[in-house]
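So the structure is just underneath, and the comments pick up after that.
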Amino acid sequence: MAEPHKNRFEPAPPAPRPGGIAARASGATRAPYLEGLNPEQREAVETLDGAVLVLAGAGTGKTRVLTTRIAHILRLGRARAGEILAVTFTNKAAREMKTRIGGMVGEVVEGMPWLGTFHSIGAKILRRHAELVGLKPDFTILDVDDQIRLLKQLLAAENIDEKRWPARVLATQIDHWKNRGLSPDQVSAGEAGAFANGRGKDFYTAYQARLKTLNAADFGDLLLETIRLFREHPEVLAQYQNRFKFILVDEYQDTNVAQYLWLRLLGQRPRDTTGGGGLVLRDAALRAAPQDEAGSMPVPGPRPEEPGRSPGVSKDVATKNAAPQKNICCVGDDDQSIYGWRGAEVDNILRFDHDFPGAKVIRLERNYRSTAHILAAASHLIAHNEGRLGKTLRSEGEAGEKVVVSSAWDSEEEARAIGEEIERLQRQGHRLNEIAILVRASFQMREIEDRFVTLGLPYRVIGGPRFYERAEIRDAMAYLRLVNQPADDLAFERIVNVPKRGLGDAALQCLHDFARAQGVPLLEAAHRIVATETLKPKPRGALRDLAAAFDRWREQRDVLPHTELAEIVLDESGYTEMWQKDRSADAAGRLENLKELVRSMEEFENLQGFLEHVALVMDTDRGEEQDAASIMTLHAAKGLEFDTVFLPGWEEGLLPHQRSLDENGRAGLEEERRLAHVGLTRARKNARISFVSNRRIHGSWTSSLPSRFLDELPEEDVEVLEGQGAFAGYGGYSNAYGSRFDTTAAFGSGYTTPGWRRAQQGRGAGAGAGAARDDFPQEYFNQDPAGRFENGSGSGTASSPTTRGRDATGPQNPGAGRNGFGGAASPRRAPLTIEGELVARSSGAPSAFSRGDRVFHQKFGNGTVRAVDGNKLTIQFDRAGEKRVVDSFLTKV
DNA sequence: TGAGCAAGTCTTTTT
DNA sequence: GACTTGCTCA
């Protein structure tokens with residue numbers, strides 16, 4: 001096993017010890033990398049055999065443990081670098097791990113070929129065995145944009161009304177199925193029937209078939225097809241099972257079912273492979289669990305213990321596959337699971353010990369990042385969640401400053417306050433690099449950016465519009481893809497008439513028909529059709545030239561360096577010229593981007609490698625070293641830390657986000673709470689939360705209420721400031737420029753000001769005003785949905801023709817504002833609708849409505865019942881479009 | 001065929 | 001408010 005070997009990660013010469021080197025593991029005690037680990041971390045690093053789950057709370061040294069563990073394995077010679085499978089969730093994390101391991105072992109990173117994201121490793125495996133799943137090794141990886149265009153074509157071909165079933169929605173659904181590890185034949189009839197006029201399943205099948213003919217795979221396929229490969233070809237699976245001696249998984253709480261299945265397969269010992277049947281079982285269990293179980297619950301309330309949600313099944317599966325296990329180590333934090341919307345199954349981590357019986361669970365609870373106040377606030381907040389494994393973060397640092405909560409009249413003022421505070425910090429010598437503004441939704445960034453621009457405050461937006469998503473980059477990429485892979489019809493369609501070649505709809509339709517008739521890709525069809533009289537002379541000539549050009553480029557591909565090829569392609573196709581001639585303002589920038597694209601190609605060995613990178617990584621790693629404040633979403637902030645963190649927008653509807661509540665009810669709320677928790681725990685020294693009374697949404701002003709999460713922060717760790725400019729009305733505005741946060745009056749003892757109380761009451765909306773804290777959501781959920789708008793203390797949607805719309809620059813009417821947080825008297829948007837929750841626990845009882853009924857809905861108006869599913873109805877609203885609604889919200893007309 | 005304008009949509013998070 | 005789509009007209 002531990003035979004001596006040579007590799008790049010050959011351990012550094014052991015520290016000199018008297019008596020020579022023992023072969024025991026303890027030989028590593030002197031290893032410098034183990035020094036400074038606390039006992040739990042050390043245990044997590046040194047427990048190499050069997051299954052290990054490391055529950056690593058925020059700031060407890062998770063990445064350090066992972067990387068040290070790898071270094072340790074290498075150093076002990078338990079495996080070579082190529083025998084360790086280390087999967088991360090994001091490219092960023094993979095990159096960081098590579099760097100850190102490199103630093104630790106003192107070598108370059110290339111030595112870890114199987115360290116990467118699930119998707120990149122999946123793609124790597126899939127390329128090696130592509131033929132076995134009906135692809136060629138050079139298959140194209142489609143992004144969402146391509147997917148949608150493909151689906152649109154299919155919709156048209158299948159004669160499905162795109163208005164009713166937007167391609168985007170179908171793409172999401174298919175993605176969802178794939179996340180759950182379901183191939184078309186595994187999708188239950190009922191579920192598939194609800195889509196595309198009952199043809200959901202056929203549609204999914206057709207989509208997959210189309211991908212195969214295009215020699216393409218979407219993101220989901222990178223996992224799903226690998227799973228299929230493993231299942232259908234045990235010998236291939238065995239090959240990888242033998243290869244990987246150790247498996248490490250980062251952010252395990254973010255894995256979805258497909259990723260789970262993928263890991264299970266690889267995590268078994270070679271002979272175990274027939275146990276694959278058991279996986280399907282678990283798979284089926286998960287498929288059934290979420291909706292149906294919730295649906296049968298009569299009253300909202302604590303769910304049955306999360307980890308045991310389908311104890312019967314999962315136990316069976318666990319026992320069945322209990323046999324020998326690989327050395328698998330999963331690191332994660334259930335409190336940081338924020339990707340449920342993308343199919344992540346917190347369950348995976350919650351029942352790790354069911355899946356890996358005898359697994360060792362190690363908790364890392366010592367937080368080295370944040371001060372005690374920040375940590376206490378975050379812990380108290382997250383304790384409101386129910387489905388948790390439970391960890392208590394302990395601070396290893398000092399008490400520090402309290403978490404600051406402040407308010408502002410509107411989002412512009414909030415941005416102004418943040419800008420001022422940052423300038424103040426800057427004057428005190430804080431570095432901008434150590435400051436971050438974390439928002440819930442990207443639209444919040446705009447006002448903040450605007451303000452920073454005005455102030456001349458350097459900032460950078462992380463995860464903003466991406467380089468590879470820009471139109472000119474995608475066009476250029478399409479050319480290159482097509483050179484690389486002539487069957488890439490999507491690429492062909494994208495560029496066939498860019499720049500304009502006079503190939504309009506008519507000509508393209510003709511070409512399509514021709515291609516279909518001949519059963520060849522479009523580019524090939526182009527070659528053939530120009531030899532016929534089918535097209536008119538002008539388009540025919542254009543098409544002939546284009547096809548000939550691709551022939552030429554393809555020949556050059558094999559002889560020229562790929563960067564040179566790219567320049568030739570962009571040049572000869574007329575694409576560069578098109579932008580040079582363009583008079584619009586951003587043309588220059590686009591040309592610059594194209595140059596940047598070609599430049600970035602230099603880092604790759606060949607075209608194929610470059611295309612792979614673009615498909616999977618999607619961002620350029622341009623490390624701007626300038627000192628600048630970071631603006632990003634809460635999601636993007638996971639894994640990062642800053643001295644000072646601003647958390648604007650803690651308002652109902654934004655954090656927690658309305659849509660999350662609507663779609664996922666209580667589970668959605670808990671995920672939002674985790675998001676808030678992630679935000680707080682990013683801060684080392686200062687956390688500054690703010691909320692506003694008025695926010696601009698869709699360009700018009702909407703009033704809002706403070707987030708319920710504010711109530712869930714412990715008073716003793718929070719300092720509440722009342723922004724001076726916040727409620728002072730117009731006059732206060734000018735003052736606000738000169739005012740400081742810290743010149744404002746504190747609230748005295750926490751949450752006792754009249755304004756705050758009123759805000760609370762307004763929020764209770766008839767559900768019992770005292771309802772705050774823990775019992776609040778409960779009360780809220782129990783409200784009679786129909787009565788909501790009548791007894792909602794005048795705060796229903798219907799009664800809020802927003803008076804704010806009248807001034808374009810901001811809601812400057814001081815009237816309501818003076819009272820406090822907007823005051824209960826000001827017009828409000830409807831208190832949280834929680835339809836998602838109601839949908840989720842719909843009973844199976846037959847509905848009083850039937851198809852074709854005309855109905856009325858308080859919020860959406862009149863509509864027609866399109867489908868009935870228990871008490872969940874699909875309604876085509878006359879004005880609001882199609883919605884799924886619970887029947888209790890409806891009255892017959 | 002393509003430009004220009006009007007209307008409509010959608011704004012959470014991403015490999 | 002920003003963007004896409006659809007429509008009309010030259």
Side-chain angles (χ1 to χ4, degrees), chain A residues 87-94 116-123 141-145 147-148 152 162-163 166-169 171-172 175 178-179 217-224 251 254-256 258-259 337-344 438-447 450 462-466 468-469 471 497-509 536 538-539 542 612-619 632-638 649 653-664 668 671-672 674-675 678-679 695-702 808 879-881:
Chain A
V87 274
T88 64
F89 201 65
T90 63
N91 293 300
K92 200 165 66 182
T117 62
F118 278 100
H119 289 88
S120 68
I121 292 176
I141 299 170
L142 299 189
D143 62 24
V144 185
D145 220 63
Q147 256 184 66
I148 286 173
K152 277 188 179 159
E162 232 240 274
K163 289 265 159 48
R168 193 168 296 277
V169 173
T172 310
D175 203 47
K178 289 185 173 179
N179 283 340
D218 63 19
F219 279 121
D221 283 345
L222 297 181
L223 292 167
L224 198 54
E251 307 278 20
D254 284 337
T255 51
N256 60 34
Q259 286 157 341
S337 165
I338 53 174
Y339 285 102
W341 52 274
R342 197 165 101 182
L438 310 182
V439 298
R440 175 63 183 88
S442 42
F443 75 84
Q444 291 174 261
M445 292 180 180
R446 240 195 84 161
E447 280 167 310
D450 284 354
I462 314 268
R466 306 186 177 187
Y468 291 117
E469 281 171 7
N497 202 29
V498 181
K500 301 253 185 292
R501 299 187 171 89
L503 292 163
D505 287 345
L508 284 185
Q509 191 54 50
K536 289 182 186 148
K538 232 159 83 186
E612 178 93 5
H613 166 85
V614 174
L616 288 171
V617 180
M618 286 305 277
D619 62 349
M632 68 187 95
T633 63
L634 287 163
H635 283 87
K638 194 165 81 160
L654 186 55
L655 183 76
H657 199 281
Q658 187 64 55
R659 206 161 141 183
S660 196
L661 299 179
D662 285 347
E663 287 171 8
N664 295 304
E671 182 153 314
E672 295 292 307
R674 289 193 292 266
L675 214 37
V678 166
R695 190 169 288 282
R696 195 187 233 145
I697 295 177
H698 306 225
S700 58
W701 290 96
T702 320
R879 276 178 306 141

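By convention in this document, chain letters (A, B, ...) are assigned in the order of the sequence lines, proteins followed by strands, and residues within each chain are numbered from 1.
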Q.
Students often get this wrong, so: under 4.0 angstrom with heavy atoms, is A:Lys538 touching a base, only sugar-phosphate, or nothing?
A. nothing
(Q) Between A:Gln444 and A:Ala441 (side chain of the first, backbone of the second, donor and acceptor by atom type, cut-off under 3.5 Å), is there such a pair? (A) yes
Q.
Nearest to the A:Ala506 side chain among B:dT1, B:dT12, B:dT14, which nucleotide is it?
A. B:dT1
Q. Once you round it to whole Å, what is the distance between P of B:dT12 and CZ of A:Arg695?
A. 13 Å
Q: State which of B:dT12, B:dT14, B:dT15 makes the closest approach to the side chain of A:Val144.
A: B:dT15
Q.
Tell me the interatomic distance from A:Gln509, atom CD, to B:dT1, atom P, rounded to whole angstroms.
A. 11 Å
Q: Between C:dG1, B:dT15, B:dG2, spot the one nearest the side chain of A:Lys500, thanks.
A: B:dG2
Q) Side chain of A:Thr255, backbone of A:Glu251: donor and acceptor closer than 3.5 Å? A) no
Q | Gap between atoms CG and C1', on A:Leu508 and B:dT1 respectively (whole Å) | A | 12 Å
Q. How many Å lie between CD on A:Glu447 and P on C:dA2, as a whole number?
A. 12 Å
Q. Considering only B:dT1, B:dT13, B:dT15, which nucleotide approaches the side chain of A:Trp341 most closely?
A. B:dT13
**Q.** From A:Leu224 atom CG to A:Asn179 atom CG, the distance as rounded to the nearest 0.5 Å
**A.** 9.5 Å
**Q.** Rounded interatomic separation in angstrom, taking NZ from A:Lys92 and C1' from B:dT14
**A.** 12 Å
(Q) Assuming nearest nucleotide by heavy-atom distance, tell me which of A:Thr117 and A:Ala507 is located more 5' along DNA chain B. (A) A:Ala507
Q | Residue whose closest nucleotide on DNA chain B lies nearer the 5' end, A:Ser660 versus A:Phe89 | A | A:Ser660
Q. Distance from A:Glu672 atom CD to A:Leu654 atom CG, nearest 0.5 Å?
A. 9.0 Å
Q.
Rounded to whole Å, how long is the line connecting atom CD of A:Gln658 with atom P of B:dT13?
A. 16 Å
Q | Between P of B:dT15 and CZ of A:Arg342, the distance in whole Å | A | 6 Å
Q: Can you label the angle between the A:Phe89 ring and the A:Tyr339 ring as parallel, tilted or perpendicular, going by 30° and 60°?
A: tilted
Q: Would you mind telling me which of B:dT12, B:dT13, C:dG1 lies closest to the side-chain atoms of A:Arg446?
A: C:dG1
Q: Please confirm whether the backbone N or O of A:Asp218 pairs with a side-chain atom of A:Gln147, one donor and one acceptor, at under 3.5 Å?
A: no
Q. If you check the A:Ser442 side chain, which of B:dT14, B:dG2, B:dT13 turns out closest?
A. B:dT13
Q: Would you indicate which nucleotide in B:dT13, B:dG2, B:dT14 comes nearest to any side-chain atom of A:His635?
A: B:dT13
Q.
Taking 5.5 Å and 30° as the limits, would you call A:His657 and the base of B:dT12 a stacked pair?
A. yes
(Q) Check the phosphate of B:dG2 against A:Asn497, side-chain N and O only, distance under 4.0 Å to OP1 or OP2. Yes or no? (A) yes
Q. Between A:Lys536 and B:dT1, does any side-chain N or O lie under 4.0 Å from OP1 or OP2?
A. no
(Q) I need the CE-P distance between A:Met445 and C:dA2, as an integer number of Å. (A) 16 Å
